[in-house]
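Structure record follows, encoded as structure tokens.
Counting from 1, the numbers follow the sequence of the chain as shown.
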Amino acid sequence: MSDRTPALDAVHGMLTLLFTVVALHLLWHAVRSPGAGRRDRVDLVLHCAMAAAMAAMPWSLGPPLSGRAATVFFTAAALWFLLTARAATVFADRLTPAVGMAAMVWMSRTPSGAAASETVAAAGVPAAHHTAAHGHAADASTTAALVTVVLTVYLLGCALRSLTRPMPALRTATDPAHRAAATNPYRHVRDGAMALGTAVMLLLPH
């Protein structure tokens, strides 16, 4: 029995619109920055892939966005953001997209509780083993809920920080960091929107 409702479809529609706009902005920025370095180009591709996957996820368009392929891809993406940080301050900035990719891995998994229940039912094990299996499934469900809460709270904090950050000065930027920000003044808004949308998706059935 489907758990979809008109209200849930409306939320999914808004999230799809949000992630579509983000993906289009990423593509637009990539076209406007032909001289970007290799790391920046890979960052843009990974962000765009995540935004496109998140836009399609609520509607199950095309191949399922779950399973080993998605897990491997987004795990590699999370590691990319962590391992290509050149300094502690850069690592802090790249931690947010790494956590976003980790959230994609988490959402693409098969719920362990459901998998355990299906395995028990299919195997026809004795009642005592059946009860023990359900106990393990309940423990796994509690752990899954805790991981989901941690990821959601972190991403909401990142979204709040990004969306409340002042826009960079476009004309008076002098140091390299501010000049880089001025070339992509909407990056913090985009990153905040991605983090917010991902946090909401973590809490919704999908």
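Annotation for Ala103 and Leu155: closest pair CB-CD1, 4.1 Å, computed over non-hydrogen atoms. The two residues Met104 and Ala53 have their closest heavy-atom pair at CE-CB, 3.8 Å. Across every non-hydrogen atom of Leu196 and Ala159, the tightest pair is N-CB, 3.7 Å.
Residues Met50 and Thr198 form a side-chain contact, since some pair of their non-hydrogen atoms from C-beta on lies under 4.5 Å apart. For the pair Leu46 and Met101, the minimum side-chain heavy-atom distance is below 4.5 Å. Between Phe81 and His47 there is a side-chain heavy-atom pair separated by less than 4.5 Å. Counting only heavy atoms from C-beta outward, the side chains of Val99 and Cys158 never approach each other to under 4.5 Å. You'll find the side chain of Thr16 reaches within 4.5 Å of the side chain of Pro58, heavy atoms only. Contact of the His29 side chain with the Arg187 side chain is not registered, since no non-hydrogen atoms from C-beta on lie closer than 4.5 Å. Taking the side chain as every heavy atom from C-beta outward, His188 and Arg161 never approach each other to under 4.5 Å. For the pair Arg39 and Trp80, the minimum side-chain heavy-atom distance is below 4.5 Å.
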Go through the steps to decide whether Leu160 and Thr164 satisfy the test side chain to side chain contact (heavy atoms under 4.5 Å, CB included), and finish with yes or no. CA-CA 6 Å; Leu160 182 63; Thr164 57; 4.0 Å; yes
Check the pair Val105 / Phe73 against side chain to side chain contact (heavy atoms under 4.5 Å, CB included), numbers first and verdict last. CA-CA 8 Å; Val105 174; Phe73 178 82; over 6 Å; no
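A tilted orientation is assigned to the rings of Trp28 and His25, their planes being inclined by 30° to 60°. Ring pair Trp59/His12 is perpendicular by interplanar angle, where above 60° counts as perpendicular and below 30° as parallel.
Interatomic distance, OG of Ser162 versus CG of Asp93, reported as 9.0 Å (0.5 Å rounding). To the nearest 0.5 Å, atom CG of residue Leu82 and atom CZ of residue Phe91 are 5.0 Å apart. Here Leu44 contributes atom CG and Leu27 contributes atom CG; the two are 9.0 Å apart, rounded to the nearest 0.5 Å. Separating the CE atom in Met194 from the CZ atom in Phe19 is a distance of 6.0 Å, to the nearest 0.5 Å. A distance of 11.0 Å separates CH2 in Trp106 from OG1 in Thr152, rounded to the nearest 0.5 Å. Here the CG atom belonging to Leu204 is positioned 11.0 Å from the CE atom belonging to Met57, to the nearest 0.5 angstrom.
In the hydrophobic clustering of this structure, Leu163 groups with Leu156; members are Ile, Leu, Val, Met, Phe, Trp, Tyr whose side-chain heavy atoms approach within less than 4.5 Å, directly or through other members. The hydrophobic clustering, which links ILVMFWY residues whose side-chain heavy atoms are closer than 4.5 Å, places Leu8 and Met14 together.
Grouped by direct or indirect side-chain proximity (heavy atoms under 4.5 Å, Ile/Leu/Val/Met/Phe/Trp/Tyr only), Val149 sits with Val153.
Side-chain atoms of Thr75 do not come within 3.5 Å of backbone N or O of Val72 as any donor-acceptor pair.
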